[in-house]
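These notes are about the structure you will find just below.
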Amino acid sequence: MINFLFLPLSFLVGLVLGFFYFGGLWLTVRKLPTVQNPVLLTLLSFVGRISLIVIGLGLITASTQNLAPLHLLACLVPFFWIRNRLIQRLQPR
């Protein structure tokens, strides 16, 4: 029963991870034309964003071993919802 109390926390972690991942991607793409070495920026941004996601999802699944798939789903739904919201908000009109 105590693991169900972590569902809202998993949802919140998914929101934060989605915002950092896709917001960081957007910032990286906007910065690419102005940097001297765009390949290095792209690689460092990718490694940093992926590391954050792996650590966040790993913590969610490790802390809720019995209900890990449910908590992972509760984390991934807002993660991709943030993606869709940022696409709607940031696309040129």
Subject >> Under the side chain to side chain contact (heavy atoms under 4.5 Å, CB included) test, residues paired with Leu57 that sit two or more places apart >> reply: Leu17, Ile53, Leu72, Cys75, Leu76
Original post:
According to a 4.5 Å side-chain heavy-atom criterion applied to Ile, Leu, Val, Met, Phe, Trp and Tyr, with indirect links allowed, do Phe46 and Trp26 form part of one hydrophobic cluster?
Top reply: yes
Subject >> Residues clustered with Val77, ILVMFWY side-chain links under 4.5 angstrom >> reply: Leu73
Original post:
Can you name the residues that form a side-chain hydrogen bond (donor to acceptor under 3.5 Å, both in side chains) with Arg83, not counting sequence neighbours?
Top reply: none
Subject >> Approximate separation, where rounding is to 0.5 Å, of Leu7 CG and Ile60 CD1 >> reply: 9.5 Å
Subject >> For Val35, all residues meeting side chain to side chain contact (heavy atoms under 4.5 Å, CB included), sequence neighbours excluded >> reply: Lys31, Pro38, Leu41
Original post:
Between Leu25 and Ile87, is there a shared hydrophobic cluster once you connect ILVMFWY residues whose side-chain heavy atoms come closer than 4.5 Å?
Top reply: no
Original post:
With Gln36, which residues qualify under side-chain hydrogen bond (donor to acceptor under 3.5 Å, both in side chains), at least two apart?
Top reply: none
**OP:** Return the set of residues passing ring pair (Phe, Tyr, Trp, His ring centres under 6.0 Å) with Tyr21 (not counting sequence neighbours), or none when no residue passes.
**Re:** Phe79
Original post:
Applying side chain to side chain donor-acceptor pair (under 3.5 Å), which residue pairs with at least one partner in residues 37-46 are found, sequence neighbours left out?
Top reply: Thr28-Ser45, Ser45-Arg49
Original post:
Taking a hydrophobic cluster as the set of Ile, Leu, Val, Met, Phe, Trp and Tyr residues connected by side-chain heavy atoms closer than 4.5 Å, whether directly or through intermediates, do Phe20 and Leu27 fall within one such cluster?
Top reply: yes
Original post:
Should Ile50 and Leu52 be counted in the same cluster of Ile, Leu, Val, Met, Phe, Trp and Tyr side chains packed under 4.5 Å apart?
Top reply: yes
Subject >> Common cluster, Val54/Val13, ILVMFWY with side-chain heavy-atom separation under 4.5 Å >> reply: yes
Subject >> Pair Phe11-Leu15, side-chain contact (heavy atoms from CB on, under 4.5 Å): steps then yes or no >> reply: CA-CA 6 Å; Phe11 188 85; Leu15 286 174; 3.7 Å; yes
Subject >> Gln91 versus Gln88, closest heavy-atom pair with distance >> reply: CG-O, 3.9 Å
Original post:
So how far is it from Leu86 CG to Trp81 CH2, rounded to the nearest 0.5 Å?
Top reply: 9.0 Å
Subject >> Separation between CG of Asn84 and CD1 of Ile82, rounded to the nearest 0.5 Å >> reply: 9.5 Å
Original post:
Should side-chain heavy atoms under 4.5 Å link Ile, Leu, Val, Met, Phe, Trp and Tyr, which residues sit in the same cluster as Leu43?
Top reply: Val39
